[in-house]
Amino acid sequence: MAKSLAELKAIREKKLNEINLRHGKNGYRVVVGMATCGIAAGARPVMVKLMEEVQAKNLVDVTVAQTGCIGMCKLEPIVEVYDSNDEKVTYVHMTPEKVTKVIEEHLVKGNVVTEYTMTVVDGKVIDTTVKA
Amino acid sequence: MKELSLHILDVTQNSIRANAKLVNLTIFESIAKNEFTITIEDDGCGISAEKLQYVTDPFVTTRTTRKVGLGLSLFKAAAETCGGYFEISSELGVGTKVVASFMRDHIDRVPLGNMPDTVVTMVMSFEETDLIYEHNYNNRSFVFNTREIKETLEVTSLNEPDILQWIREFIRDGLEEIMEEE
Ligand SMILES: Nc1ncnc2c1ncn2[C@@H]1O[C@H](COP(=O)(O)OP(=O)(O)OP(=O)(O)O)[C@@H](O)[C@H]1O
Ligand code: FES
Ligand SMILES: [Mg+2]
């Protein structure tokens, strides 16, 4: 059976209150690097997984979107998490599996997953002054 | 790129950067004509005539963080490797049109791949920008139009997980339907 717009509308009405909440200012904003390098490295499955986890965990105050070039092609896919004060945490070499952990630890509990952040790549601590 | 749908995602990111309000994506597939053609048209800022001449040269980019732009040159190379052609036309202040055509049965033609996920990722990237995606497969066609959905739902953005999941299934079912054997 083909999906109908009426069905979509019903889903939407049921969720209306939550959707309104999402536009509140208290949550996280998550962006994925979508330059060619990011897409080639696997940004799309990372983006889709973020969407799935936000839905599964019912994180009504989290938005997921794209960003362009982050300036570190070799570390793509890159995910940046901004909190409500616009403080940024940068996760590199992301995968759908890592997304699950970042969602659970960082976005649900508020604990940064240091092992995936920009300062630690492949188990080695790198220069933290890399400019975006 | 491993899938044509990844090239599509990539080229539409250029449209977003060009501040397009509408992106028109058309995929034309014909077994009889041995053709697979992707057209992406936007109403973004456009490219000057001078720049257009060398825009598929990998050393051209407006990026400031690296010296090479890859998206268009990779797409062009993919089409030309597959006995097809690549065209880009543009007018400043009007928009840009990219056409990449492939011999459908060419051994090097990568599959279309995961269109539902590409469309969902596009919608998540698009903010208020609209997408009209038309897929023509052996004369059967499927159309997806974000304007229609926004009007039905009375919203300006479709970037909500429940809506996105619906869109994903809508694309999957729609493509399955037109590609079904008779
Ligand atoms: N739809 C468009 N509208 C306006 N300008 C465009 C469009 N597509 C491409 N351009 C211009 O052409 C340049 C080359 O595009 P291309 O996609 O090859 O590389 P890029 O986007 O700069 O980098 P990359 O795609 O590798 O992330 C862009 O930097 C941009 O200036
Ligand atoms: S182009 Fe790769 S991060 Fe900017
Ligand atoms: Mg590009």
Side-chain angles (χ1 to χ4, degrees), chain A residues 1-16 18-23 29-60 62-74 96 131-132, chain B residues 1-3 5-14 16-17 61-66 68-75 113-114 116-118 120-127 142 148-149 151-155 157-174 176-177:
Chain A
M1 192 200 75
K3 320 257 334 154
S4 73
L5 282 172
E7 176 200 12
L8 173 61
K9 201 162 185 180
I11 298 173
R12 159 91 191 168
E13 256 141 40
K14 218 167 53 192
K15 296 271 183 167
L16 200 60
E18 290 176 11
I19 290 169
N20 287 337
L21 269 176
R22 196 183 306 277
H23 304 296
R29 196 166 65 85
V30 183
V31 296
V32 182
M34 281 283 161
T36 303
C37 54
I39 293 171
R44 187 183 67 188
V46 165
M47 186 93 150
V48 170
K49 188 68 175 180
L50 282 165
M51 181 270 287
E52 288 174 347
E53 291 286 342
V54 166
Q55 185 185 38
K57 300 262 172 358
N58 204 19
L59 303 176
V60 292
V62 174
T63 56
V64 183
Q66 121 288 7
T67 185
C69 168
I70 300 174
M72 302 176 286
C73 300
K74 291 209 173 98
K131 285 252 161 56
Chain B
M1 300 266 184
K2 291 194 197 85
E3 300 176 10
S5 60
L6 291 173
H7 282 290
I8 292 170
L9 176 60
D10 181 46
V11 171
T12 58
Q13 293 288 324
N14 289 343
I16 293 306
R17 233 174 348 128
T61 180
T62 45
R63 293 202 181 292
T64 49
T65 47
R66 68 177 154 85
V68 292
L70 286 177
L72 293 176
S73 43
L74 281 176
F75 202 22
N114 196 335
D117 281 7
T118 274
V120 159
T121 307
M122 281 162 74
V123 171
M124 292 173 84
S125 306
F126 270 29
E127 286 178 29
F142 162 74
E148 208 174 88
I149 298 177
E151 273 164 28
T152 308
L153 297 179
E154 294 165 38
V155 293
S157 163
L158 300 177
N159 192 1
E160 291 295 334
D162 296 310
I163 301 175
L164 293 164
Q165 289 286 16
W166 182 89
I167 290 173
R168 203 179 182 190
E169 285 169 38
F170 181 77
I171 304 287
R172 198 188 56 210
D173 292 358
E176 242 167 47
E177 221 173 282

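The figures here come from the full heavy-atom set of this structure, side chains too, leaving out hydrogens, waters and symmetry mates. From a predicted model like this one, the values you see are computed outputs, not experimental measurements.
With chain B as the partner, the residue from A/R44, A/Q66, A/M51 showing the most heavy-atom pairs under 4.5 Å is A/R44. Options B/E148, B/K2, B/R168, B/E127 differ in how many heavy-atom pairs under 4.5 Å they form with chain A, and the most are formed by B/R168. For the set B/I167, B/T121, B/I149, the entry with the most heavy-atom pairs within less than 4.5 Å of chain A is B/T121.
Residues passing the side chain to side chain contact (heavy atoms under 4.5 Å, CB included) test with A/P96 are A/P45, A/V46, A/K49, sequence neighbours excluded. Annotation: salt bridge (Lys or Arg N to Asp or Glu O under 4.0 Å) contacts of A/K9 (sequence neighbours excluded): none.
With a 4.5 Å cut-off on non-hydrogen atoms, B/M124 touches chain A through its backbone and its side chain both.
Note that the CE atom of A/M47 and the OG1 atom of B/T118 stand 11.0 Å from one another [nearest 0.5 Å].
In this structure, a donor-acceptor pair under 3.5 Å is absent between the side chains of B/S5 and B/N114.
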